[in-house]
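The model shown is predicted, which means the values in this text are computed figures rather than measured ones. In what follows, residues are counted from 1 in the order of the sequence shown.
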Amino acid sequence: MRRTGTGRRGVVACAALAALTVGAAGCTVQPAGADGAGGPPVRVDLPGRTPSAPASGAPDEDRGPSGAGAPPTSRTPRVLWSRGDSGRDVRELQARLRQVAWIFHGPTGTYDEPTVEAVRGFQGKRGLPRTGVTDSTTWQRLVAMTREPGRWELYLMGGQPADAPDARCRTGRVLCVSKSSRTLRWMIDGRTVSTMAVRFGSEYTPTREGVFSVYWKSRHHVSTLYDSPMPYAMFFSGGQAVHFSADFAARGYAGASHGCVNVRDEGAVARLYGQVRNGDKVVVHW
């Protein structure tokens, strides 16, 4: 009898020990946010935007958990964009780098050598590995320091898509100028021959809207009113003309004309000048 009782107590003790072991394993505390859940988003995407890089879990995820003696994590930041990539997201990267004075050209939408150098400089200033590659940690740091760029920050130096041509542009030989997309289409019988970025006058010297025609061309024109060069000028309304602008080429949409339709691509406007004739139609529309 004594031997049997001892055996039952041993079984109960073993079962209790097992239960404690299971309970301990089931209550192991996992680091908060280890799977990225609950982490703050980088930003809110609106419908129609190009999808942006997904937010990582905790900031600086490559550094591992904080606290003395905490073992570093083996995870590394995910690469988002690098040399040779292109698209709207690269434009945003360049526009944000421009806001913090790490880049001064573009945005071009192409991850070129100046972009690599700008990213490398930004990383080095903040103690990040100077890879020149935009990873999730670099992107989060940049987003925290900048604001969402507007449309004309993304297309400061042109490159934006053109609007559909106005109905008045679909017949004949037409310089079809859209104020909403800031583009000029050179069209013949409804076919687009070339497209280029343009800018217009300020609110104090607006570019007139309507239907006009080219009445005079002047290859080496200089404005008598503003004493400024207007090469490849194609006049269509009083002193207003389509022409190349060195200021537009240098500053983009940060500036404005005195009412003319400025073109920043000298090669493109030179070819256009060679094709346009006096009498060709000009349509300036929204």
Practice item. Apply side chain to side chain donor-acceptor pair (under 3.5 Å) to Arg185 and Thr195, showing your working. Key: CA-CA 5 Å; Arg185 287 178 183 263; Thr195 304; 4.7 Å; no
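- Side-chain N or O atoms of Tyr253 include one that pairs as donor or acceptor with a backbone N or O of Val198 at under 3.5 Å.
- Formation of a donor-acceptor pair under 3.5 Å by the Ser223 side chain with backbone atoms of Leu225 is found in this model.
- Note on Arg271 versus Glu266: no salt bridge recorded, every NZ/NE/NH1/NH2 to OD/OE distance being 4.0 Å or above.
- Of the listed residues (Leu175, Val242, Val269, Val282), just one forms a side-chain contact (heavy atoms from CB on, under 4.5 Å) with Val261, and that residue is Val242.
- Using cut-offs of 30° and 60° for the angle between ring planes, the Phe212 and Phe236 rings count as tilted.
- One finds the CH2 atom of Trp286 at 5.5 Å from the NZ atom of Lys179 (value rounded to the nearest 0.5 Å).
- When atom types are taken as modelled, the side chain of Thr207 and the backbone of Gly259 share a donor-acceptor pair closer than 3.5 angstrom.
- Arg264 places no side-chain N or O within 3.5 Å of a backbone atom of Ser245 that could act as its donor or acceptor partner.
- Stacking of Lys217 on the aromatic ring of Tyr273 is recorded, both the 6.0 Å distance cut-off and the 45° axial limit being met.
- Hydrophobic cluster membership is shared by Ile103 and Leu80, with clusters built from Ile, Leu, Val, Met, Phe, Trp and Tyr side chains linked at under 4.5 angstrom.
- Rounded to the nearest 0.5 angstrom, Lys281 NZ and Arg168 CZ are separated by 8.5 Å.
- Within the 4.5 Å cutoff, no side-chain heavy atoms of Val193 are placed close to those of Leu272.
- Distance alone, capped at 3.5 Å, places no donor-acceptor pair between the Arg199 side chain and the Asn262 backbone.
- Under the 6.0 Å distance and 45° angle rule, Arg182 does not count as a cation-pi partner of Phe200.
- Ser213 places no side-chain N or O within 3.5 Å of a backbone atom of Gly279 that could act as its donor or acceptor partner.
- No donor-acceptor pair under 3.5 Å is formed between the side chain of Arg173 and the backbone N or O of Ile188.
- Across Val119, Val79, Leu142, a single residue satisfies side-chain contact (heavy atoms from CB on, under 4.5 Å) together with Thr134, and that is Val119.
- Counted by atom type alone, Thr108 and Thr110 present zero donor-acceptor pairs between their side chains at under 3.5 Å.
- Remark: Tyr215 OH to Met234 CE distance equals 13.0 Å, nearest 0.5 Å.
- By the 6.0 Å and 45° rule, Arg141 does not stack over the aromatic ring of Phe122.
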